[in-house]
**Q** 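Structure below; questions to follow.
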Amino acid sequence: MYCSQDLNTKDLETSVIVLVHGGGFGAWCWYKTISLLEDSGFRVNAIDLTGSGIHSYDTNKICSLSEYAEPLTSYLEGLGDAEKVILVAHDLGGACVSYAMEMFPTKVAKAVFLCAAMLTNGNSALDMFQQQMDTNGTLQKAQAFVYSNGKDRPPTAINVDRALLRDLLFNQSPSKDVSLASVSMRPIPFAPVLEKLVLTAENYGSVRRFYVETTEDNAIPLPLQQSMCGANPPEKVLRLKGADHAPFFSKPQALHKTLVEIAAMPPVGAS
């Protein structure tokens, strides 16, 4: 196990970590992870996806995954040719990161899926959630669709019932973090959830992938995380014991250690 004190980030393939939040969240949710990683010598960038966090766009107007992921893809596009980053995706952020890996495979050293949607080619996040709707009453009860184009048109966003936030997302998290989330969360855009991803072996498949499981997760339960890893095996699966769907709140130290461990894994074939 790597001890962050012994780690010299200069020796790593990259010391830049980009954090990509999940549906309804924003860059704010990573505040503990950002400070822990920076203290260990990493350069950290937490991105607000379109219509999330303090990004001032109407969530209901987001029509595609590319629009939702645009702050991430334009960040990657702006990197120099030799620059690489580690992408860390939470929840629906997994679809955005997969999309970015397909577009910019040479700029992503590693992709970490943290209780995230790790989809296969031709699948959507909705396909994954559908699987789990059948088994999970809380998720069904907790979400309310928003129809800003009228009831006769498809939903534009999903709201999570504030009263069920703790049960669904934060069952192991400190109450001050639940309070932060309850005033900061925004609706989840529906179009990106619906969109089927196009992922190729040459691009997406060329990037090293890691999955981090959360054992007490009520939103994407462990069996669903495991079935995604079975359908689309990553290089390695790591586990955060006692973590809920918001491990950056419930298990910040263990999450930090795991991210440092992944960052320090040498390129395949390196001695």
**Q** Quick one: CG on Leu19 to CG on Leu37, what's the gap to the nearest 0.5 Å?
**A**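 Rounded to the nearest 0.5 Å, the CG-CG separation comes to 6.5 Å.
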**Q** Test your reading of the model: is there a side-chain donor-acceptor pair from Arg186 to the backbone of Gly26, 3.5 Å cut-off?
**A** no
**Q** Looking at every heavy atom in both Ser173 and Ala246, which two are closest together, and how far apart are they?
**A** OG-O, 3.9 Å
**Q** How close do Lys107 and Leu76 get, counting heavy atoms only, and between which atoms?
**A**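 Looking at all heavy atoms of both residues, the closest pair is NZ-O, 2.9 Å.
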**Q** Mind checking ring pair (Phe, Tyr, Trp, His ring centres under 6.0 Å) for Phe248 and listing every partner two or more places apart, or none if nothing turns up?
**A** Phe25, Trp30, His90
**Q** Give the C-alpha distance, both sets of side-chain angles, the deciding distance and a yes or no for side-chain contact (heavy atoms from CB on, under 4.5 Å) between Phe104 and Leu87.
**A** CA-CA 12 Å; Phe104 300 105; Leu87 294 181; over 6 Å; no
**Q** Applying side-chain contact (heavy atoms from CB on, under 4.5 Å) to Val16 and Asn45, what does each step give before you reach the verdict?
**A** CA-CA 8 Å; Val16 183; Asn45 190 353; 5.6 Å; no
**Q** Does any part of the side chain of Leu36, heavy atoms only, come nearer than 4.5 Å to the side chain of Leu259, both counted from C-beta?
**A** no
**Q** State, yes or no, whether a side-chain contact exists between Trp28 and Met185 at a heavy-atom distance under 4.5 Å.
**A** yes
**Q** Hey, any chance Phe113 and Leu222 share a hydrophobic cluster, counting ILVMFWY side chains that come within less than 4.5 Å of each other, even indirectly?
**A** no
**Q** Between Leu12 and Ala263, which heavy-atom pair has the shortest distance, and what is it?
**A** CD2-O, 3.7 Å
**Q** Measuring from atom CG of Asp167 to atom CG of Asp244, what distance do you get when rounded to the nearest 0.5 angstrom?
**A**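 One finds 11.0 Å between CG of Asp167 and CG of Asp244.
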**Q** If you look at every heavy atom in Ala191 and Ser64, which pair is closest and at what distance?
**A**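 Closest pair (atom of Ala191, atom of Ser64, distance): CB-N, 3.9 Å.
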**Q** For a 4.5 angstrom cut-off between non-hydrogen side-chain atoms, does Cys115 reach Asp91?
**A**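 Contact flag for Cys115/Asp91 side chains = no.
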**Q** With a 4.5 Å heavy-atom cut-off, do Val160 and Leu165 have their side chains touching?
**A**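 Yes, side chains in contact.
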**Q** Assigning hydrophobic clusters by single linkage (Ile, Leu, Val, Met, Phe, Trp, Tyr; side-chain heavy-atom cutoff under 4.5 Å), is Phe249 placed with Leu164?
**A** no
**Q** Tell me if a side-chain donor or acceptor on Thr59 pairs with a main-chain N or O of Gly51 at a distance below 3.5 Å.
**A** yes
**Q** Considering residues at least two apart in sequence or located in another chain, which fulfil the side-chain contact (heavy atoms from CB on, under 4.5 Å) criterion with Val146?
**A**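 For Val146 the side-chain contact (heavy atoms from CB on, under 4.5 Å) partners, ignoring immediate neighbours, are Asn60, Thr156, Ala157, Asn159.
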**Q** Do you reckon Leu199 sits in the same ILVMFWY cluster as Tyr99, going by side-chain contacts under 4.5 Å, direct or chained?
**A** yes
**Q** With rounding to the nearest 0.5 angstrom, report the CE to CE distance, Met103 to Met101.
**A** 14.0 Å
**Q** Report yes if some heavy atom in the side chain of Lys110 is under 4.5 Å from a heavy atom in the side chain of Ile262; otherwise report no.
**A**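 Contact flag for Lys110/Ile262 side chains = yes.
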**Q** Classify the ring geometry of Tyr68 against His21: parallel below 30°, tilted from 30° to 60°, perpendicular beyond 60°.
**A** perpendicular
**Q** Quick check for you: to the nearest 0.5 Å, what is the distance between Cys229 atom SG and Met118 atom CE?
**A**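 Going from SG on Cys229 over to CE on Met118, the span is 4.0 Å.
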**Q** Could you check if a side-chain atom of Tyr211 sits within less than 4.5 angstrom of a side-chain atom of Met228, using non-hydrogen atoms only?
**A** yes
**Q** What residues form a side-chain contact (heavy atoms from CB on, under 4.5 Å) with Thr106, not counting sequence neighbours?
**A** none
**Q** How far does OG of Ser74 sit from CG of Leu79, to the nearest 0.5 angstrom?
**A**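 Output value for this atom pair is 10.5 Å.
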**Q** Search all heavy atoms of Leu168 against all heavy atoms of His245 and return the closest pair with its distance.
**A** O-CB, 4.3 Å
**Q** Please examine the side chains of Arg153 and Tyr147, heavy atoms only from C-beta on, and report whether any two atoms are closer than 4.5 Å.
**A** no
**Q** Using a strict 4.0 Å threshold on nitrogen-to-oxygen distance, state whether Asp177 and Lys32 make a salt bridge.
**A** yes
**Q** Backbone N or O of Gln172 within a donor-acceptor pair of the Ser250 side chain at under 3.5 Å?
**A** no
**Q** Please evaluate residues Val44 and Thr33 with respect to the criterion side-chain contact (heavy atoms from CB on, under 4.5 Å), reporting the C-alpha separation (whole Å), side-chain torsions for both, the decisive distance (0.1 Å), and the verdict.
**A** CA-CA 9 Å; Val44 189; Thr33 306; over 6 Å; no
**Q** Checking Ala117 now: which residues fulfil side-chain contact (heavy atoms from CB on, under 4.5 Å) with it, not counting sequence neighbours?
**A**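 Listed in chain order: Leu119, Met128.
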**Q** Does some side-chain heavy atom of Leu65 sit less than 4.5 Å from a side-chain heavy atom of Cys96?
**A**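 Yes, their side chains come closer than 4.5 Å.
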**Q** Where is the tightest heavy-atom contact between Leu92 and Ala125, given as atom of each residue plus distance?
**A** CD1-CB, 3.6 Å
**Q** Is it true that Val198 and Val108 fall in one hydrophobic cluster, defined by side-chain heavy atoms closer than 4.5 Å?
**A**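 Cluster IDs for Val198 and Val108 differ.
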**Q** Provide the full list of salt bridge (charged side-chain N to carboxylate O under 4.0 Å, His left out) pairs with a residue in residues 196-216, sequence neighbours left out, each pair given once.
**A**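 Those involving residues 196-216 are Asp127-Lys196, Arg208-Glu235, Glu213-Arg239.
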**Q** Please list all pairs passing the salt bridge (charged side-chain N to carboxylate O under 4.0 Å, His left out) test where one or both residues lie in residues 41-69, with sequence neighbours left out.
**A**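 Salt bridge (charged side-chain N to carboxylate O under 4.0 Å, His left out) check on residues 41-69 returns Asp58-Lys61.
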**Q** What's the spacing between Thr50 OG1 and Glu70 CD if we round to 0.5 Å?
**A** 5.5 Å
**Q** Short question: side chain of Arg162, backbone of Ser182 - any donor-acceptor pair under 3.5 Å?
**A**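 Pair found, side chain donor or acceptor close to backbone of Ser182.
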